[in-house]
Amino acid sequence: MYKLIKRLLLLIVILGLSGTAVVYGVLSLSLPALDGNGRSMAVNDPVKISRDTLGQAVINAKSRNDAAYGLGYAHGQDRFFQMDLLRRNAAGELSELFGKAAVELDKKMRFHQLRKRSLAILNTLPERDKQLLKSYAQGVNEGLAQVGYASFEYILTGATQKPWQSEDSLLVIFSMYLDLQSMTFNRDQTLIQLEQIYSKNMVDFLTQPSRYQAALDGSKLAPFAGELPILTSQTTHVASHIEAPPELGSNNWAVTGELTKTGAGMVSDDMHLSMAVPVIWYRAQLNYTQNGKQSQITGVSLPGTPAIVVGTNNKIAWGFTNGYLDTADWIELNSDSKTWLVDEPILLPEGGVETYSLIMSEYGPVKYINEKPYALSWAAHQPYAVNMQLLKLEQADTVDDALALASNVGIPVQNLMVVDSLGNAAWKNIGGIPARTNASELSVNAQHYSALFEQNEINRPFVKNPPSGRLWTGNSRVVSASDNARFGNGGYALGARSSQIRDRLFEKQTFAESDFYALQLDNQARFLMPWHELLLKQLKTNEVKNAQYITELENWQQCACASSVGYTLVKRYRDEVINLVFNHIEVTLNEYEGTLKPIKRGLEPALWQLINNKPASWINPQFNSWDEQLAGAFDHTVNKLSEQFGTNIKQWQWGKVNELVIEHPFAKQIPLLAKLLNMPTAAGFGDSYMPAVQGRSFGASQRFIAQPGHLEQAILSVPGGQSGHPLSEFYRAGFSDYIEGKQTALLPQTLMHQIVISPK
């Protein structure tokens, strides 16, 4: 019997090893070759595509078009499936890959008709831009062809790899519009519903300015001056959770040369996005000649596009944060408004088709909100939304050059932070901004629609070399109070991050790269200190019962530190107070297919006003007083943490509760692949409302710091590897440095591989 069991176990091991060998054998077929020589009719001169120890692509070419080819070749080898998802998501074409499970998402995207818009914009681009996009697409397709075998994602889905087209690069830019600005028009929809169901006073109350205002000119918006709204009826139903939108946006800041030892300006940029495998950015350096001038641009590219998005040419260095200006309006249609139906065919695998009928109007696509028709007029729907003007930053020599370009760049509106080697530093909004002057967070009657929405705003505020030598943005209001009335609020962050960054910058008089990196990692919980005080005071009304919680709160370290249980208690307690206090409104909105989600992060000032004034109508019916309601919120906190992480309070450390889990999309569907595909999990470090932003699958998608002219100490850290292939030596390269807070070099290190593509 013992021998039989032993033989069975041996057989299982052999079969397991054989299965593993087969899997690895199949996967190895799709590994790209990183060394060798090739020929192409798409290049005019030899193009070198090298990789360093992190897999960073170093492209050497004699023209910008050939450099675009080289970058496309590297992207096609390393990231084609990621690029395919980006273009398909924006175009509403995921069902062709994933079948009927993706139809509803595709309908949501087809509402914007971005494939048609990309083709229309492509036809209007200057010939030089068309040729550059063509060169890039040829590089992508030839890099993909070199691999020879489809990647495992296509084997699992049974889908066919479709060639890259020039318009697909525009779709990838549109995918960033969807990521960065969808919350703008969703926010307006919520406010429209709140006004209709409650009142304009309720809208003003819930969206009132916070005390965390950090505009560059120091201006403050007027505080809420209305009366506290009265809830006429409450419901006993308890909403389990009011979901919060991710802190899409980023941090950036800069100082002039007066505050650096080198005399050059210095910029810091960390863009906050959802994290997956592979990470969205791709490290690259482009070396080429243009107009007799040798150029070297180093930074991160977005696979699917031929540009360095954030980086430096050693004359200037630049970074972005999401601008959150109001770039969308819902137009209330009337009986005279002309509408028509457009059928959008959604392709399914094996030739199936599902038709989506879209209502269109002269103002944009139509949606019913509270049973009334509204058309969405959005910057992304306009001809100025997307173009190739961002590439001109590569040739800018000074801050002034960059500022002159900013108004004509076709990307989602961003806060451009730029410095130069001469010591200058500046901020300006870059990207598409509607020229209409009547920005509204509520609906606009069709009679008041301004055709200026269809034009890009050229005149924009900017700040260059402020007297303090310091500039900062963090997705909250940057413009002056008067400019805010002109450009509107598209969903600004509360301002806690920006305020903390500003205050930290004034703590020092001289800065080096290490100082900026420390600020990127700043997880001090300044924003939650009033909540800590409130909760501790509440728990001390019964010190015996709450002894262990009081101990953790008194030792909470005032930070989103991995070992802090107290931080977890404070953060989760605040969430539960929000759930209880705003429960009635959330439940009511849900009945109209709405939610408070788009405005949740701005509820802080209204919430404190309610806590301090304790109006009876805002007490959830399951409690008799505000004290009971606040105590009940903590009971909910403890119960939920116990259900999720067990009753041992030491398991509630923030590093565990907010553990960083960066997953490959297929690992979620096929857990057996998780170990092969996912990044290693890491203890949570950071949170919302502080410079070190981090959630369970969200955070700083890159960390960039540079002084142009002095790049030896420049930093670029990315939470993942270059390659999307799990067997590549570069699949996880650089991830551990990011997690450990090491200052990964921006400039390429030792070159390990080289491909040379010569003219055919």
Side-chain angles (χ1 to χ4, degrees), residues 111 181-210 221-229 231 245 323-337 361-382 413 433-454 457 477 479 481-494 582 585-586 588-603 605-606:
F111 183 78
Q181 291 191 5
S182 292
M183 200 54 66
T184 295
F185 55 80
N186 289 334
R187 177 179 185 271
D188 283 1
Q189 177 180 329
T190 295
L191 299 183
I192 291 169
Q193 291 176 305
L194 285 169
E195 182 188 39
Q196 291 179 355
I197 298 168
Y198 296 98
S199 66
K200 177 64 163 57
N201 185 59
M202 177 67 83
V203 173
D204 294 341
F205 173 67
L206 296 180
T207 60
Q208 61 182 285
S210 79
L221 298 182
F224 174 70
E227 295 184 357
L228 284 180
L231 295 180
Y324 281 110
L325 301 185
D326 188 353
T327 57
D329 285 330
W330 287 104
I331 311 302
E332 183 178 359
L333 303 183
N334 52 45
S335 57
D336 297 328
S337 301
S361 75
E362 60 184 303
Y363 312 108
V366 177
K367 178 179 182 178
Y368 279 78
I369 301 173
N370 288 15
E371 301 181 350
K372 295 181 180 180
Y374 295 83
L376 178 62
S377 193
W378 181 26
H381 296 163
Q382 309 304 326
V413 62
I433 301 174
R436 59 88 167 89
T437 58
N438 59 333
S440 176
E441 298 176 51
L442 299 172
S443 62
V444 176
N445 190 281
Q447 295 177 333
H448 300 139
Y449 174 79
S450 172
L452 290 174
F453 205 107
E454 298 158 28
E457 177 61 76
R477 178 176 62 89
V479 301
S482 59
D483 283 330
N484 181 70
R486 157 67 186 89
F487 292 103
N489 180 351
Y492 284 137
L494 196 63
F582 297 104
I585 297 177
E586 176 69 6
T588 303
L589 285 174
N590 290 168
E591 293 172 357
Y592 292 88
E593 298 183 347
T595 175
L596 282 170
K597 174 182 175 179
I599 66 169
K600 182 179 178 180
R601 69 181 184 183
L603 293 174

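Keep in mind it's a predicted model, so treat the numbers as computed, not measured.
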Review point. Between atom NE2 of H448 and atom OG of S443, what is the distance when rounded to the nearest 0.5 Å?
Key: 11.0 Å
Point to revise | Working for side-chain contact (heavy atoms from CB on, under 4.5 Å), residues V413 and Q181 | key: CA-CA 9 Å; V413 62; Q181 291 191 5; 3.7 Å; yes
Review point. Relative to the ring of H381, is the ring of W378 parallel (under 30°), tilted (30 to 60°) or perpendicular (over 60°)?
Key: perpendicular
Practice item. Could you walk me through whether R477 and D483 pass salt bridge (charged side-chain N to carboxylate O under 4.0 Å, His left out), step by step? Key: CA-CA 10 Å; R477 178 176 62 89; D483 283 330; over 6 Å; no
Practice item. Please test D326 against F487 for side-chain contact (heavy atoms from CB on, under 4.5 Å), starting from the C-alpha separation and ending with a verdict. Key: CA-CA 6 Å; D326 188 353; F487 292 103; over 6 Å; no
Review point. Atom CG of L376 and atom OG of S361: how far apart are they, to the nearest 0.5 Å?
Key: 9.5 Å
Review point. Would you say the side-chain atoms of D329 pair up with the backbone N or O of V444, donor to acceptor, closer than 3.5 Å?
Key: no
Point to revise | Pairwise distance CE(M183) to NZ(K597) - rounded to 0.5 angstrom | key: 5.0 Å
Check your understanding: Does the ring centre of F205 sit less than 6.0 Å away from the ring centre of F224?
Key -> yes
Exercise for review: Would you name the heavy atoms of A222 and P209 that are closest together and state the gap between them?
Suggested key: O-CG, 3.3 Å
Review point. Out of curiosity, I585 CD1 to L231 CG, how far, rounded to the nearest 0.5 Å?
Key: 5.5 Å
Exercise for review: Examine distances only and state if a side-chain atom of W330 and a backbone atom of L442 form a donor-acceptor pair shorter than 3.5 Å.
Suggested key: no
Check your understanding: Closest heavy-atom contact between N445 and I331?
Key -> C-CG2, 4.4 Å
Point to revise | Non-hydrogen atoms of P373 and V366 that approach each other most closely | key: CB-CG1, 4.1 Å
Check your understanding: When you look at E586 and K600, which way does the salt bridge (charged side-chain N to carboxylate O under 4.0 Å, His left out) test go after all the steps?
Key -> CA-CA 10 Å; E586 176 69 6; K600 182 179 178 180; over 6 Å; no
Review point. Under a 4.5 Å cut-off applied to non-hydrogen side-chain atoms, are R486 and E457 in contact?
Key: yes
Review point. Does atom CD of E591 have more than 12 heavy-atom neighbours, drawn from other residues, nucleotides or ligands, at distances under 6.0 Å?
Key: yes
Revision key, fill the gap. Residue set satisfying salt bridge (Lys or Arg N to Asp or Glu O under 4.0 Å) with D204, at least two apart, ordered chain then number -> K200
Exercise for review: Please step through side-chain contact (heavy atoms from CB on, under 4.5 Å) for the pair L603 and F582, ending with a clear verdict.
Suggested key: CA-CA 9 Å; L603 293 174; F582 297 104; 4.0 Å; yes
Review point. Mind checking whether F185 and T327 have side chains closer than 4.5 Å, heavy atoms only?
Key: no
Quick one: side chains of residues 187-194, donor-acceptor pairs under 3.5 Å with protein atoms, not counting sequence neighbours, listed by atom name and distance.
| from | atom 1 | to | atom 2 | distance (Å) |
| --- | --- | --- | --- | --- |
| R187 | NH1 | E441 | OE1 | 2.7 |
| R187 | NH1 | N489 | O | 3.3 |
| R187 | NH2 | E441 | OE1 | 3.0 |
| Q189 | OE1 | K367 | NZ | 2.9 |
| T190 | OG1 | N186 | O | 3.3 |
| T190 | OG1 | T595 | O | 2.9 |
| Q193 | NE2 | N370 | OD1 | 3.1 |
| Q193 | NE2 | Y592 | O | 3.1 |

Exercise for review: State whether Y324 and R601 meet the cation-pi test: NZ (Lys) or CZ (Arg) under 6.0 Å from the six-membered ring centroid, and within 45° of the perpendicular axis.
Suggested key: yes
Revision key, fill the gap. Test side-chain contact (heavy atoms from CB on, under 4.5 Å), reference Y198, set M202, E195, Q196, output is M202
**Study point:** Pairwise distance CZ(F453) to OG1(T437) - rounded to 0.5 angstrom
**Key:** 12.0 Å
Practice item. Determine yes or no for a side-chain-to-main-chain donor-acceptor pair under 3.5 angstrom, with N590 supplying the side chain and E593 the backbone. Key: no
Practice item. Taking S210 for its side chain and L494 for its backbone only, find out whether a donor-acceptor pair lies under 3.5 Å. Key: yes
Revision key, fill the gap. For A375 and Y363, the nearest pair of non-hydrogen atoms, with its separation, is CB-CB, 3.9 Å
Study note, to complete from the structure: CG (L206) and CG (L596) are apart, to the nearest 0.5 Å, by 7.0 Å
